[in-house]
Number of protein chains: 4
Amino acid sequence: MGRVSAKTKQATRERLLDAAALEFARRGLERANVDAISLAAGHAKGTIYNYFSSKEELFLAVVEEACGRATASPPARPEAPARERLRATLAAFCVWAGANEGFARVLVRECLVGTPEVQRRMAQAEEPLLAEIQMILEEGLRRGEIRDDVQPELLALAIAGLTDLALAQHWASDGRNPALDEIPELVLRLLIGARLPAESR
Amino acid sequence: MGRVSAKTKQATRERLLDAAALEFARRGLERANVDAISLAAGHAKGTIYNYFSSKEELFLAVVEEACGRATASPPARPEAPARERLRATLAAFCVWAGANEGFARVLVRECLVGTPEVQRRMAQAEEPLLAEIQMILEEGLRRGEIRDDVQPELLALAIAGLTDLALAQHWASDGRNPALDEIPELVLRLLIGARLPAESR
Amino acid sequence: MGRVSAKTKQATRERLLDAAALEFARRGLERANVDAISLAAGHAKGTIYNYFSSKEELFLAVVEEACGRATASPPARPEAPARERLRATLAAFCVWAGANEGFARVLVRECLVGTPEVQRRMAQAEEPLLAEIQMILEEGLRRGEIRDDVQPELLALAIAGLTDLALAQHWASDGRNPALDEIPELVLRLLIGARLPAESR
Amino acid sequence: MGRVSAKTKQATRERLLDAAALEFARRGLERANVDAISLAAGHAKGTIYNYFSSKEELFLAVVEEACGRATASPPARPEAPARERLRATLAAFCVWAGANEGFARVLVRECLVGTPEVQRRMAQAEEPLLAEIQMILEEGLRRGEIRDDVQPELLALAIAGLTDLALAQHWASDGRNPALDEIPELVLRLLIGARLPAESR
DNA sequence: GATGAATGAGGATTCATTCAT
DNA sequence: TATGAATGAATCCTCATTCAT
């Protein structure tokens, strides 16, 4: 099996990440079983360790991958009003979270109670999402579209946090209250204010 | 030890619950160590099993206890401005959380990421706090002191939720960022707006 | 099984040490199987870890115990000539080594290729034997019974080392050349010189 | 890679043996890592198995090679005093050991603690050295330069053995204690006695 | 009731070896 | 021939739980 193309290796890595995401989502970081992940990915027990140096490292790789995918498709329209761009970003995140419920919940849990090391790495992984929100806020602030009584950094944190909470409510209420696609508007109304008439279209 | 008074048993039970709350708060259900809990409570490992049938039962008992203790004593001054009353209510909650870190952390964490069953119990526990916030909001709304673009029920949820998040950040940052007594103002500025000049004193 | 007398615990510890010595002697530090040791001692797999924090620690405990036993019976007669006392000490060591062949060889191996940490601890464990030899040499030196062209510390090392080598030869030659009880005299003749006429009796 | 000249194969084999000798010397048979050996030799893990059927076979091949390389070139001056000739012989051996650390350490270690089978082979390997020492001793004895209270054969064994031990100490102490070039004098002082004034120059 | 020694299932990790490329 | 990804047996260690004292 030596001398395999980079493509093949990449494929293996992705199969492992997919299987890991599922297992972590279903059972959490602690309860997840490394062997089960390998097996679910169609590989032998030890293969994981050719790609990740430990279970924790694998978990973090999954988190990074997940966050990367969540932010991956920049919802374009850089010239659109800040509020609209925020909505698109949050909507993309919610769509991803909806498709990866279990995993998203594990992510939040480890942010709150993971090992300090894991927490730090987790924060790094969520950084891109946070950074994007903050960037949009800062541009909006410059154009006078966004409230200026709170620092963009803090506001970004609040937006991300409230979104997480809304998602938790969504899942706790069996997806009914709030619905997934109501969340972005909900969060923005609470923290940014109502949509301006001019913005609607 | 033969006959032990009900009082003594109750005291032992409480010492165990306190120690367990702290351990669960710091390390989560999975990572928590039964032995460490006993030791912290000043008892031997086996004693736990005289009071709780398993680690998970102990966890649920801690949750239960946290719920019971969380009920805030309403901080009076019904005629004060709504924003000020909200601040007092949140401050009281934060003070309690600071003094009962173990229980508070378990409570907050489980609200955010608990299993559905536990989450429902948590929601009940926070209900009194939520109800009080909502009542203040409704009165403020009637007097025109509070924003009217969001339903009081929703706003109350957001306030409680952001407070929980802020507490989580507080603990995760070793109590520095944010400090406990900054939290109420932080949350209110984000969701209610700046303190009005007239309010300050 | 709680509340067991210190005696019972001591007995368990000794059963574990005995089983461990045998396993280490037979298979070496690396190949030795912790579970097998517990089982051989009549205990369950995990019991070892109630007494020793790791396999390596267990090994070192065995080494210490072995060295302790080898030096344990101080061959008395503090007023006897130094050479005679040395002979008694070496004889005691050889008797022990003869009864623990495999283990003695493992001990030497780990001294040579063990982890640095193990090597250091091993040296500490052998220290008592070395110290005793050195002490006898220093007393003999004061009385003018021992050569003074080499430092006692160095001479002690050489005596212990040559004894080890002689044991190795003994084992390699199926116990014939040299015989176990010839070794002390052999080593002393080489490094201290012939028995004085006055000493013989 | 298709056809490879016998010369190239031989070179690869030797690189592997060199790397293996060092790794086995440093960490012992059990702890030695096949992957590390390949890498140190500049090859991939699998290559080892094109030359040796298993880790143990590789170890035996290293032992074999060490035996072959250990033959000392007799350092002349047959008319010099016996003690000086011994010193030259030991010095030559130590120089070789310093320049072939890997092989020398394996050789010395296996002489001291190898399995009986391996030990016998090792003994053969050191035979030339031993023979030379014994010959010098016998000549010196005839000339009255060497102690006559011990048989030359036994004395030769002790000299070689103590040299091996000193080398082991040398390597274990990172080459400081004793230094390589102090060893011959050290061994001779212990077993032959001090250098005579007439000898020094 | 309290204790803490004993238990043993469970799981992460290592690494010599194989073999498709 | 050389490679190195894949394999999976082997094993150390943890820790919730039991129960004799």
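So you know, we letter chains A, B, ... as the sequences are listed, proteins then strands, and number each from 1.
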Non-hydrogen atoms of Q119(C) and G114(C) that approach each other most closely: NE2-O, 3.3 Å
Closest approach of N33(C) to E23(C) (non-hydrogen atoms, all atoms of both residues): N-OE2, 3.0 Å
Salt-bridge criterion met for E14(C) and K7(C) (N-O under 4.0 Å): no
Could you tell me the separation between the [atom1] atom of [X] and the [atom2] atom of [Y], rounded to the nearest 0.5 Å?
X      : Y      : atom1 : atom2 : value
F24(C) : K55(C) : CZ    : NZ    : 6.5 Å
T47(B) : I37(B) : OG1   : CD1   : 13.0 Å
R13(D) : I48(D) : CZ    : CD1   : 12.0 Å

Strand-adjacent residues in residues 10-33 of chain D, judged by heavy atoms under 4.0 Å from DNA chain F: none
Contacting residues from residues 42-53 of chain C, given that a heavy atom lies under 4.0 angstrom of DNA chain F: Y49(C)
I need the [atom1]-[atom2] distance between [X] and [N], as an integer number of Å.
X      : N       : atom1 : atom2 : answer
L58(B) : dT17(F) : CG    : C1'   : 14 Å
K55(B) : dA9(E)  : NZ    : C1'   : 15 Å
K7(D)  : dT1(F)  : NZ    : P     : 17 Å
F59(A) : dA12(E) : CZ    : C1'   : 17 Å
D35(C) : dG10(E) : CG    : C1'   : 12 Å
I37(C) : dC12(F) : CD1   : P     : 8 Å
E57(A) : dA12(E) : CD    : P     : 15 Å

Check: D18(A) and L22(A) side chains under 4.5 Å, non-hydrogen atoms: no
Check: Y51(D) and E57(D) side chains under 4.5 Å, non-hydrogen atoms: no
OP1 or OP2 of dT1(F) under 4.0 Å from side-chain N/O of K9(D): yes
The single option from V34(A), V62(A), L60(A), L17(A) passing side chain to side chain contact (heavy atoms under 4.5 Å, CB included) against F52(A): L17(A)
Sugar-phosphate, base or nothing in reach of T8(C), heavy atoms under 4.0 Å: nothing
E56(B) atom CD, over 12 foreign heavy atoms within 6.0 Å: no
Whether over 12 other heavy atoms sit under 6.0 Å from R26(C) CZ: no
Bracket string, DNA chain E, 5' to 3' - pairs by Watson-Crick or G-U geometry under 3.5 Å, | interstrand: .||||||||||||||||||||
